[in-house]
Asker: 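Before anything else, here's the structure in question.
Values below: every heavy atom of this structure, side chains too, minus hydrogens, waters and symmetry copies.
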Amino acid sequence: MEEISPTAEKMEIAVASGSVTGDLRLHEFRSRIFRNTRWLRVWLPPRYDAPENSSRHYPVFYLNDGQNLFERETAFAGVEWQVDETADRLVRQEVIPPLIIVGIDNAQSDRMKEYLPYRSLNPPILRPQGKCYPNFLMNEVMPLVYERYRIARGPENTGLGGSSMGALISLYTVMEKPGWFGHLLLESPSLFISNRRIMKFARHFRQWPAKIYMAMGTQESGREEKDRQVVEDVRELSKILKHAGLDEDRLLLNIDEGATHNEGEWAKRFPEALTFLFAKREL
């Protein structure tokens, strides 16, 4: 594994919102790689600051499109993933261990460029920046999180995920940085982009995360042929992963009948995803 060193400017502020459950902290974050500024949204588990937990280190789950995860006020169309409510409930019910969740805001007008590693004609992105994203995450985002919070190290304690294009760049990142991430969430991944080039990459990759949750609705676009194709894409990726050795304990594919392409659907599936990826192991 390569050394991670901090290379970004940052500032921390605390957040209190009527739609937030628990302790959510924001860091204004200047990226030298992308030359722009965004927020990192860090959700802390119950009793993180309790004296008895002062030496405890926590697993971490990085999620893309951070604006949509925790707050209605910032979420697309005012619909959030309810990541804070779900994580808080599952931790308190002892379904999953306490963990830290980091929402990485997208770059808004440059979102497609940052999440796309390959040139594309549809959508027309001729100067994609996605190949820089793994280094942005590893050398800018993660050092800040390690510096400010008590993070447990190792792939077994590190997850990554997103939806749509955010899922695509998550898939690309775990293949570009093998051995770093043990948990991967792929919600409605845009596998069709750039003539499905990401699938060619996946066929030759072997060092997959220990746990992968992948889901796709059957009415993602509302167009019958397109909907059929995106479902076939995730089924094909599932076959690739099974061929690489992932059994039902490591891979969960959810074909969600009637589900569309939006934050509300991803919020509905997040409890299942978080449980599958991080549930406490039975001894």
Side-chain angles (χ1 to χ4, degrees), residues 4-17 19-20 22-44 60-84 87 100-117 123 125 127-149 151 158-174 176-177 180-181 185 187 189-190 193 262-263 266-267 270:
I4 297 179
S5 58
T7 60
E9 301 170 6
K10 58 269 184 182
M11 178 184 73
E12 177 182 337
I13 67 170
V15 160
S17 168
S19 64
V20 172
D23 187 354
L24 181 67
R25 302 180 187 180
L26 265 65
H27 299 261
E28 190 177 35
F29 181 85
R30 175 71 184 172
S31 169
R32 297 179 185 174
I33 290 176
F34 287 130
R35 298 182 181 180
N36 57 22
T37 300
R38 74 192 72 211
W39 293 100
L40 300 183
R41 303 168 190 269
V42 181
W43 182 86
L44 301 176
V60 61
F61 193 13
Y62 298 93
L63 291 173
N64 291 313
D65 291 311
Q67 296 99 319
N68 300 329
L69 304 178
F70 305 105
E71 300 178 87
R72 294 188 300 271
E73 295 85 351
T74 60
F76 180 75
V79 180
E80 54 154 309
W81 280 38
Q82 300 178 3
V83 164
D84 45 334
I100 292 171
I101 300 178
V102 179
I104 307 167
D105 276 18
N106 64 55
Q108 300 184 33
S109 61
D110 285 334
R111 176 181 183 269
M112 294 290 287
K113 289 182 180 180
E114 289 191 359
Y115 285 175
L116 184 58
I125 304 292
R127 294 183 178 180
Q129 299 176 327
K131 289 187 177 181
C132 297
Y133 197 86
N135 286 332
F136 160 76
L137 177 62
M138 304 287 293
N139 295 321
E140 293 192 328
V141 174
M142 293 172 69
L144 182 150
V145 176
Y146 288 152
E147 175 187 331
R148 300 295 184 90
Y149 300 99
I151 302 297
T158 311
L160 177 63
S163 62
S164 191
M165 293 294 294
L168 178 74
I169 199 62
S170 297
L171 177 59
Y172 176 80
T173 298
V174 300
E176 278 292 315
K177 300 292 183 180
W180 277 98
F181 302 95
L185 170 62
E187 274 288 0
S190 301
I193 295 286
N262 60 63
E263 274 68 30
W266 302 323
F270 192 66

Asker: Under the side chain to side chain contact (heavy atoms under 4.5 Å, CB included) rule, collect the residues that match up with Glu263, sequence neighbours excluded.
Answerer: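 So Glu263 forms a side chain to side chain contact (heavy atoms under 4.5 Å, CB included) with Asn68, Phe76, Val79, Trp81, Trp266.
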
Asker: Ignoring hydrogens, what is the shortest heavy-atom contact between Leu168 and Pro117? Give both atom names and the distance.
Answerer: CD2-CD, 4.1 Å

Asker: Please lay out, stage by stage, how Leu40 and Ile104 fare under the test side-chain contact (heavy atoms from CB on, under 4.5 Å).
Answerer: CA-CA 5 Å; Leu40 300 183; Ile104 307 167; 3.9 Å; yes

Asker: The criterion is salt bridge (Lys or Arg N to Asp or Glu O under 4.0 Å); which residues satisfy it with Asp65, sequence neighbours excluded?
Answerer: Arg111

Asker: Considering residues at least two apart in sequence or located in another chain, which fulfil the side chain to side chain contact (heavy atoms under 4.5 Å, CB included) criterion with Pro128?
Answerer: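 Applying side chain to side chain contact (heavy atoms under 4.5 Å, CB included) to Pro128 gives Leu116, Arg119, Ile125.
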
Asker: Residues in side chain to side chain donor-acceptor pair (under 3.5 Å) with Tyr133, at least two apart?
Answerer: Asn64

Asker: Go through the structure and list residues passing side chain to side chain donor-acceptor pair (under 3.5 Å) with Gln129, not counting sequence neighbours.
Answerer: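 Side chain to side chain donor-acceptor pair (under 3.5 Å) check on Gln129 returns nothing, list empty.
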
Asker: Can you check side-chain contact (heavy atoms from CB on, under 4.5 Å) on Ile151 and Val145, steps first, answer last?
Answerer: CA-CA 8 Å; Ile151 302 297; Val145 176; 3.7 Å; yes

Asker: The test is side-chain contact (heavy atoms from CB on, under 4.5 Å); show your working for Glu28 and Trp39 and say whether it passes.
Answerer: CA-CA 5 Å; Glu28 190 177 35; Trp39 293 100; 3.5 Å; yes

Asker: According to salt bridge (Lys or Arg N to Asp or Glu O under 4.0 Å), who are the partners of Glu114, at least two apart in sequence or on a separate chain?
Answerer: Arg38

Asker: Ignoring hydrogens and angles, tell me if any N or O in the side chain of Glu140 forms a donor-acceptor pair with the backbone of Arg32 under 3.5 Å.
Answerer: yes

Asker: Of all heavy-atom pairs between Leu63 and Gly162, which one has the smallest distance, and what is that distance?
Answerer: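 Minimum heavy-atom separation between Leu63 and Gly162: CD2-N, 4.3 Å.
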
Asker: Using the side chain to side chain donor-acceptor pair (under 3.5 Å) criterion, which residues pair with Ser164? Sequence neighbours excluded.
Answerer: Ser190, His261

Asker: Taking all non-hydrogen atoms of both residues into account, name the closest pair between Phe70 and Gly66 and its distance.
Answerer: CD1-O, 4.3 Å

